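Treat the numbers as computed from the prediction; the structure is a model and nothing was measured. In what follows, residues are counted from 1 in the order of the sequence shown.
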Amino acid sequence: MRIAIMGAGSLGTIIGAYLSKGKQEVELIDVNQEHVDALNKSGATIVGTVDETIPVTAITPAEMNGIYDLVLLLTKQVYNGQVLENLKQYINEESIVLSLQNGVPEEGLANELGEKRVIGGSVEFGATWIKPGVSELTTTAESFKANAFQIGELDGSITERTEKLKKVLELVGGTEISTNLIGTKWSKLLVNVAMSGTSTVFGCTYGDVLADDTAVTSAVMLADETLEAGQASGVAFTSIAGIDVAKTFKINKDKSNLSEVIAMARKVFKPQALLRASMLQDLEKQCKSEIDYINGEVVAKGKETGIATPFNDLLVKLVREAENEKTVPVFEENLVPFKQLIEKEI
């Protein structure tokens, strides 16, 4: 099986490295020439909760050739137009494109590439890009090996190819097949909305969010809004990394269980305390983030279904301001409007 890792950033570097270690024919594809050169010269170095360097083959998109049997799509949704147009010439009718992108891009991918080619998935571990050739695994090694991916056919069926793909991905970490892909993607979206969103808007790690009362309260309110908007759209949320998100993050109308939800969030996300959101890394590089596809997705669904999303509204507003101004959010400064919103809403 010839495998392409489209977008060998923080996650793609780690995935490509372990697939390579598992003797798969893998090419790590990235637009960052310096990163590609470092990977080819010194291998993929994984630090953080593990310490390992693995030889890999890396190329730029301009160097792609032939047909890939499996494409792991890890590029950011903001670049899907150009990425997919380029990819089409390197896949055939039998090729599988596994979407591991943030958000819920599967419908758009199926429209562009054909439903038969697309399998959806979610990444359940965290990573931070350190420098060319180096990626930090921020999830505990135990959690990584137990829960790395969920994958599934768009129609929820379990097929021979999903079983085959599961075996391949288990060279990286624990992989489950989902029969409710939309629920799986929305469950992962909830995590990103709550934790990646707050990590970005406060300019900090997940651990910093969990340690601060205002920040962690904002995170669980963001999660609750995601549940409300998703369920109003007909989404049946699934468990992710062993956590039933619909039960764990559901806040009662009278907020009587808020303290319990916060305590659970602190427990659930503690293994990813070192993680810094990729959207925050985008802001630091003065690049456009995926805010419209993460917290912005909840805002859009809220408008469609008549669900109020004040916490997501505020977060999207502040992150877009940072994008436009080419600045990085400051923790103490952005705590202020969220504290005011909490006092108003709770």
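Around atom CD of Q33, more than 12 heavy atoms belonging to other residues, nucleotides or ligands sit under 6.0 Å away. Heavy atoms of other residues, nucleotides or ligands lying less than 6.0 angstrom from NZ of K303 number 12 at most. Atom CD of E63 has more than 12 neighbouring heavy atoms from other residues, nucleotides or ligands inside a 6.0 Å radius. Annotation: E260, atom CD; neighbour count of heavy atoms from other residues, nucleotides and ligands within 6.0 Å is above 12.
Here the side chain of T214 pairs no donor or acceptor atom with the backbone of L335 at under 3.5 angstrom. Looking at Q89, its side chain does come within 3.5 Å of a backbone N or O of N86 through a donor-acceptor pair. Not a single donor-acceptor pair under 3.5 Å links the side chain of Q24 to the backbone N or O of M1. For the pair K188 (side chain) and V104 (backbone), a donor-acceptor distance under 3.5 Å is absent. The closest donor-acceptor contact from the side chain of S199 to the backbone of T205 lies at 3.5 Å or more, if one exists at all. The main-chain N or O of G126 is found under 3.5 Å from a side-chain atom of T138 such that the two form a donor-acceptor pair. Counting only distance, with no hydrogens or angles, the side chain of S187 and the backbone of S239 share no donor-acceptor pair below 3.5 Å.
Residues in residues 322-345 take part in these side-chain hydrogen bond (donor to acceptor under 3.5 Å, both in side chains) pairs, two or more places apart or across chains: S289-E323. Applying the side-chain hydrogen bond (donor to acceptor under 3.5 Å, both in side chains) test to pairs two or more places apart or on separate chains, those with a residue in residues 171-180 are S178-T184. The stretch residues 100-113 participates, sequence neighbours left out, in these salt bridge (Lys or Arg N to Asp or Glu O under 4.0 Å) pairs: K88-E112, E106-K185.
Listed here is the closest heavy atom pair of S122 and L100: N-CD2, 4.0 Å. Across all non-hydrogen atoms, the minimal contact from T200 to L280 is OG1-N, 3.4 Å. Taking each heavy atom of P61 and V31 in turn, the nearest pair found is CG-CG1, 3.8 Å. Annotation for Y293 and Q77: closest pair CD2-OE1, 3.4 Å, computed over non-hydrogen atoms. When all heavy atoms are compared, the tightest approach of I119 to G152 is CG2-O, 3.3 Å. The minimum heavy-atom distance between A4 and Y68, with the atom names listed, is CB-CD2, 3.5 Å.
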Determine all donor-acceptor pairs shorter than 3.5 Å in which one atom belongs to a side chain in residues 311-322; sequence neighbours excluded.
residue : atom : partner : partner atom : Å
N312    : OD1  : N295    : ND2          : 2.9
N312    : ND2  : E225    : OE1          : 2.8
D313    : OD1  : T309    : OG1          : 3.0
K317    : NZ   : E321    : OE2          : 3.0
R320    : NE   : D292    : OD1          : 3.1
R320    : NH2  : D292    : OD1          : 2.7

Show which side-chain atoms of residues 263-279 pair as donor or acceptor with protein atoms under 3.5 Å away, not counting sequence neighbours.
residue : atom : partner : partner atom : Å
R266    : NE   : L210    : O            : 2.6
R266    : NH2  : L210    : O            : 3.1
R266    : NH2  : D213    : OD1          : 2.9
R276    : NH2  : E284    : OE1          : 2.9
R276    : NH2  : E284    : OE2          : 2.2

Between side-chain atoms of residues 7-16 and protein atoms elsewhere (two or more places apart, or another chain), which donor-acceptor pairs fall under 3.5 Å?
residue : atom : partner : partner atom : Å
T13     : OG1  : A8      : O            : 3.0
T13     : OG1  : G9      : O            : 2.7
T13     : OG1  : H35     : NE2          : 3.1

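Residues F144 and L137 meet the side-chain proximity criterion, which asks for heavy atoms closer than 4.5 Å. Between D212 and F202, the closest side-chain pair of non-hydrogen atoms is not below 4.5 Å. No side-chain heavy atom of V328 sits under 4.5 Å from any side-chain heavy atom of V330. Inter-residue side-chain proximity for L258 and V220 is flagged as met; some heavy-atom pair is nearer than 4.5 Å. Within the 4.5 Å cutoff, the side chain of L189 has heavy atoms near those of the E297 side chain. Counting heavy atoms from C-beta on, the side chains of M221 and K255 come closer than 4.5 Å. Side-chain atoms of D30 and T60, non-hydrogen and from C-beta on, never get closer than 4.5 Å to each other. Within the 4.5 Å cutoff, the side chain of I5 has no heavy atoms near those of the E27 side chain.
There is no side-chain donor-acceptor pair under 3.5 Å between E153 and T162. Donor-acceptor pairing under 3.5 Å is recorded for the side chains of Y18 and E52. Side chains of Y206 and S196: a donor-acceptor N/O pair is present below 3.5 angstrom, by distance only.
In this structure, E93 pairs ionically with R117, as a charged nitrogen and a carboxylate oxygen lie closer than 4.0 Å. With respect to the salt-bridge test (charged N to carboxylate O, under 4.0 angstrom), the residues K166 and E170 qualify.
Every side-chain contact (heavy atoms from CB on, under 4.5 Å) that Q82 has, sequence neighbours left out, goes to Y79. Residues meeting the side-chain contact (heavy atoms from CB on, under 4.5 Å) test with E228, sequence neighbours left out: D224, K250, K253, I307. Shown here are the side-chain hydrogen bond (donor to acceptor under 3.5 Å, both in side chains) partners of S95, two or more places apart in sequence or in another chain: N92.
To the nearest 0.5 Å, atom CG of residue D282 and atom CD1 of residue I291 are 10.5 Å apart. For the atom pair L169 CG and Q150 CD, the distance stands at 12.0 Å (nearest 0.5 Å). One finds the CG atom of L181 at 8.5 Å from the OG atom of S99 (value rounded to the nearest 0.5 Å). Rounded to the nearest 0.5 angstrom, L70 CG and L165 CG are separated by 5.5 Å. The CD atom of E25 lies 9.0 Å from the OG1 atom of T57; values are rounded to the nearest 0.5 Å. Here the CD1-CG distance, from I96 to L113, works out to 13.0 Å after rounding to the nearest 0.5 Å.
Taking Ile, Leu, Val, Met, Phe, Trp and Tyr as hydrophobic and joining them when side-chain heavy atoms fall under 4.5 Å apart, one finds I130 in a cluster with V47, V134. If you chain together ILVMFWY residues whose side-chain heavy atoms come under 4.5 Å of each other, V336 ends up in a group of its own. Members clustered with W129: none, using a 4.5 Å side-chain heavy-atom cutoff among hydrophobic residues.
Put simply, Y90 and L19 are part of two different groups of oily side chains (I, L, V, M, F, W, Y) that touch within less than 4.5 Å, one to the next. Both L87 and V78 belong to a single network of hydrophobic side chains, linked directly or stepwise wherever heavy atoms of I, L, V, M, F, W or Y lie under 4.5 Å apart.
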Show your reasoning for whether side-chain hydrogen bond (donor to acceptor under 3.5 Å, both in side chains) applies to S256 and N252. CA-CA 6 Å; S256 58; N252 297 335; 3.0 Å; yes
